[in-house]
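Values below: every heavy atom of this structure, side chains too, minus hydrogens, waters and symmetry copies.
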Amino acid sequence: MNLYRLFESRFEGRLEDTFLETIDGDRLTYADLADGVGRHARVLVDGGVGLGDRVLVQAEKSVAGLFLYLACLRVGAVFIPLNTSYRRDEVRYFLDDAEPSLVVCDPSSPLCSEDAADVERTVLTLDVAGGGSLSARARAAPPTGVDIAEVPGDHTAAILYTSGTTGQPKGAMLTHDNLASNAKALHEAWGFIDDDVLLHALPIFHTHGLFVALHCVLLNATGMLFLPRFDLDSVLRLLPRATVMMGVPTYYTRLLASPEFTAELCGHMRLFVSGSAPLRAETFEQFQRRTGHAILERYGMTETGMNTSNPLAGPRIAGTVGRPLPGVEVRVCESDGTPLAAGAVGELEVRGPNVFKGYWRKPDKTRAEFRDDGFFRTGDLGLIDENGYVTIVGRSKDMIISGGFNVYPKEIENAIDRLPGVRESAVFGVAHPDFGEGVAAAVVLEDGGGDAGHARALIARLKDRLAGYKVPKRIVFVAELPRNAMGKVEKNRLRETFADLFSVTEEQGG
């Protein structure tokens, strides 16, 4: 079934109900949603966009952007959202790789430059206010007359490019069935009810904001408060009108830093969800002490959508991402695919209807990432305890081999983050003349600063808590950790910045 038909079946009897409210207080009903999607579908069809054609989008978050995404589903086109921070050379790669029939971009985007347009490609504009040539055409188009495309379940609905921190970005092809199965699983697992209102402050070029958040709202046919971005004052003002909030860990640390964020402010909230980056145990515990709410952490990735979730009813354990979602299988294996026992650390592998069908135009890469029995190799390292809870300990490419020992950064980060005065940390490996790789840590202190003496003191404390080979041989202090748009720490940048860290023979702590 076309995913848009599934959504329509949920809201067609509730057309006068609120779909979303903007930061300025404008209210759109589900009738307005159907109207907007119909008009944008007409723009696509009149522009020659049909089954399987790619629509490449680099634009700021807007209501019109939602209409465009849903219109692509409706006509059977393939929606390709791009991070708004990508620059000229990066978007050129996506243009060449995706070969879109239509490009939609903010007027300031590199995609609007002259070399982005050619005789085989249409370029339309969409600005942050929802204006531009796309919206102008949609306003002039009729809202009806475009049928919902009949597509098989394995028809590609969207291509999301991975971050490309190692090598060229890869386009993960997600089907209508992939997205529908994951939306249904989350809607059930998180217990959505008729009066739920979602606070939506996430970007919509990413799985979290576009698929997880939006799809749950559409399946529930209820409303959301639609913010252009996370703004602390706006979130504090709107929280009393919401029941569900989805965010990245940074959102929750910023809320906790505000004295205005109180238990009374969010006492009516039903659910706080965190994802896209690991949630520190300290943040989880501090949030629970302040509000009485246990943040629900889940685990997913571009290629699979969501795989696991802490339970709605039951213990939510800090540092874990819960059990597999219904219909999803998760296992831990050796690098050769041999399954490991409970509690052992290995590579996480996933199988289920949520797992993508492959990388766009990269059949060799696709074959390399799937086992013969259909399990997808996530590249994440983790363990599954005797109760079925999954814990992520890092990425396989981030694992450090120091002196022949495997070192998992997450374990060390947890130990560092518990030390007094530490705000957060990132552990990474750097070439070392004796050990092959040396364990290094970038640390952000609560009061900023930090010197060699402070670093030695932290290392001394860690020696009482960790095996010697796990203790960082060097600690560097930074004002903030480098992160991508979704809040994930970019350890490749740390490795590049501090590549010569061990060229100096003296090591803190010996």
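For the pair H293 (side chain) and R270 (backbone), a donor-acceptor distance under 3.5 Å is absent. When atom types are taken as modelled, the side chain of R331 and the backbone of E349 share no donor-acceptor pair closer than 3.5 angstrom. In terms of modelled atom types and a separation under 3.5 Å, the side chain of R27 and the main chain of G25 share no donor-acceptor contact. Of the possible polar contacts, none joining the N307 side chain to the G300 backbone as a donor-acceptor pair under 3.5 Å is found. Checking side-chain atoms of R10 against main-chain N and O of L219 turns up a donor-acceptor pair under 3.5 Å. E21 places no side-chain N or O within donor-acceptor distance of the main-chain N or O of M224, the cut-off being under 3.5 Å.
Closest approach of M269 and A242 over heavy atoms only: SD-O, 3.2 Å. Of all the heavy atoms in L227 and S234, the pair that sits closest is CD2-CB, 3.8 Å. Pairing each heavy atom of E297 with each of T320, the nearest pair is OE1-O, 3.5 Å. In plain terms, the two heavy atoms of A59 and T84 that are nearest each other are O-CG2, 3.4 Å. For the pair K410 and I392, the tightest heavy-atom approach, listed with the atom from each and the gap, is CG-O, 3.7 Å. Taking each heavy atom of L312 and A189 in turn, the nearest pair found is CB-O, 3.4 Å.
Atom CG of D127 sits about 10.5 Å away from atom CG of L134, to the nearest 0.5 Å. Atoms OH and OG1, on Y389 and T308 in that order, are 10.5 Å from each other to the nearest 0.5 Å. Going from atom CG of L28 over to atom CG of L20 covers 5.0 Å, rounded to the nearest 0.5 Å. If you take CZ on F226 and CG on L199, they are separated by 11.5 Å, rounding to the nearest 0.5 Å. The distance from atom OG1 of T302 to atom CG of L160, rounded to the nearest 0.5 Å, is 6.0 Å. Atoms CE and OG1, from M301 and T162 in turn, are 9.0 Å apart once rounded to the nearest 0.5 Å.
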Problem - Stepwise salt bridge (Lys or Arg N to Asp or Glu O under 4.0 Å) test for D97 and K170 - result: CA-CA 9 Å; D97 190 62; K170 307 179 295 295; over 6 Å; no
Exercise for the section: Would you sort out whether V37 and E8 count as a side chain to side chain contact (heavy atoms under 4.5 Å, CB included), showing the intermediate values? Expected result: CA-CA 11 Å; V37 173; E8 187 182 63; over 6 Å; no
Exercise for the section: Could you check C266 against F272 for side chain to side chain contact (heavy atoms under 4.5 Å, CB included), going step by step and ending with a plain yes or no? Expected result: CA-CA 10 Å; C266 57; F272 290 96; 3.7 Å; yes
Problem - Pair T175-D154, side-chain hydrogen bond (donor to acceptor under 3.5 Å, both in side chains): steps then yes or no - result: CA-CA 5 Å; T175 69; D154 65 352; over 6 Å; no
Practice task
Assess whether salt bridge (Lys or Arg N to Asp or Glu O under 4.0 Å) is satisfied between R423 and E446, documenting all intermediate values.
Solution key: CA-CA 5 Å; R423 177 177 298 169; E446 293 286 1; 3.5 Å; yes
Exercise for the section: Just do the side-chain hydrogen bond (donor to acceptor under 3.5 Å, both in side chains) check on S108 and D106 with the steps written out, would you? Expected result: CA-CA 5 Å; S108 64; D106 188 276; 2.6 Å; yes
Practice task
Begin with the C-alpha distance, continue with both residues' side-chain angles, and end with the deciding distance and a verdict on side-chain hydrogen bond (donor to acceptor under 3.5 Å, both in side chains) for S425 and D417.
Solution key: CA-CA 6 Å; S425 64; D417 291 347; 2.8 Å; yes
Problem - Working for salt bridge (Lys or Arg N to Asp or Glu O under 4.0 Å), residues E369 and K362 - result: CA-CA 11 Å; E369 298 303 325; K362 287 183 167 52; over 6 Å; no
Practice task
Go through the steps for L348 and Y299 under the test side chain to side chain contact (heavy atoms under 4.5 Å, CB included), then give the verdict.
Solution key: CA-CA 11 Å; L348 287 173; Y299 160 63; 4.2 Å; yes
Exercise for the section: Evaluate the criterion ring pair (Phe, Tyr, Trp, His ring centres under 6.0 Å) for residue pair F19 and F11; output intermediate values, then yes/no. Expected result: CA-CA 9 Å; F19 165 54; F11 67 71; 7.9 Å; no
Handout entry: Test salt bridge (Lys or Arg N to Asp or Glu O under 4.0 Å) applied to K365 and E303, step by step
Key = CA-CA 13 Å; K365 181 64 175 174; E303 290 92 339; over 6 Å; no
Exercise for the section: Please step through side chain to side chain contact (heavy atoms under 4.5 Å, CB included) for the pair F7 and L73, ending with a clear verdict. Expected result: CA-CA 11 Å; F7 294 147; L73 293 179; 4.3 Å; yes
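Taking the charged nitrogens against the carboxylate oxygens, R92 and D96 do have a contact shorter than 4.0 Å, which makes a salt bridge. The pair K491-E413 counts as a salt bridge, with a side-chain nitrogen and a carboxylate oxygen less than 4.0 angstrom apart. Salt-bridge check for R280 with E424: failed, with every basic side-chain N at 4.0 Å or more from each acidic carboxylate O.
Residues S181 and N354 have side chains that never bring a donor and an acceptor to within less than 3.5 angstrom of each other. D24 and T22 form no side-chain donor-acceptor contact under 3.5 Å, judged by distance and modelled atom types alone.
Dense packing is recorded around NZ of K357, with more than 12 heavy atoms of other residues, nucleotides or ligands lying under 6.0 Å away. Counting non-hydrogen atoms of neighbouring residues, nucleotides and ligands closer than 6.0 angstrom, the CD atom of E188 reaches no more than 12 such neighbours. Other residues, nucleotides and ligands place no more than 12 heavy atoms under 6.0 Å from the CZ atom of R229. Annotation: E260, atom CD; neighbour count of heavy atoms from other residues, nucleotides and ligands within 6.0 Å does not exceed 12.
For the pairing with F79, the ring pair (Phe, Tyr, Trp, His ring centres under 6.0 Å) check across Y69, F211, F205 returns one residue only, Y69.
A cation-pi arrangement is absent between R254 and F261, since the terminal nitrogen or guanidinium carbon is not both under 6.0 Å from the aromatic centre and inside a 45° cone about the axis.
W190 and F192 have tilted rings, their planes meeting at an angle from 30° to 60° on a 0 to 90° scale. The aromatic rings of H155 and H176 sit tilted relative to each other, their planes meeting at an angle between 30° and 60°.
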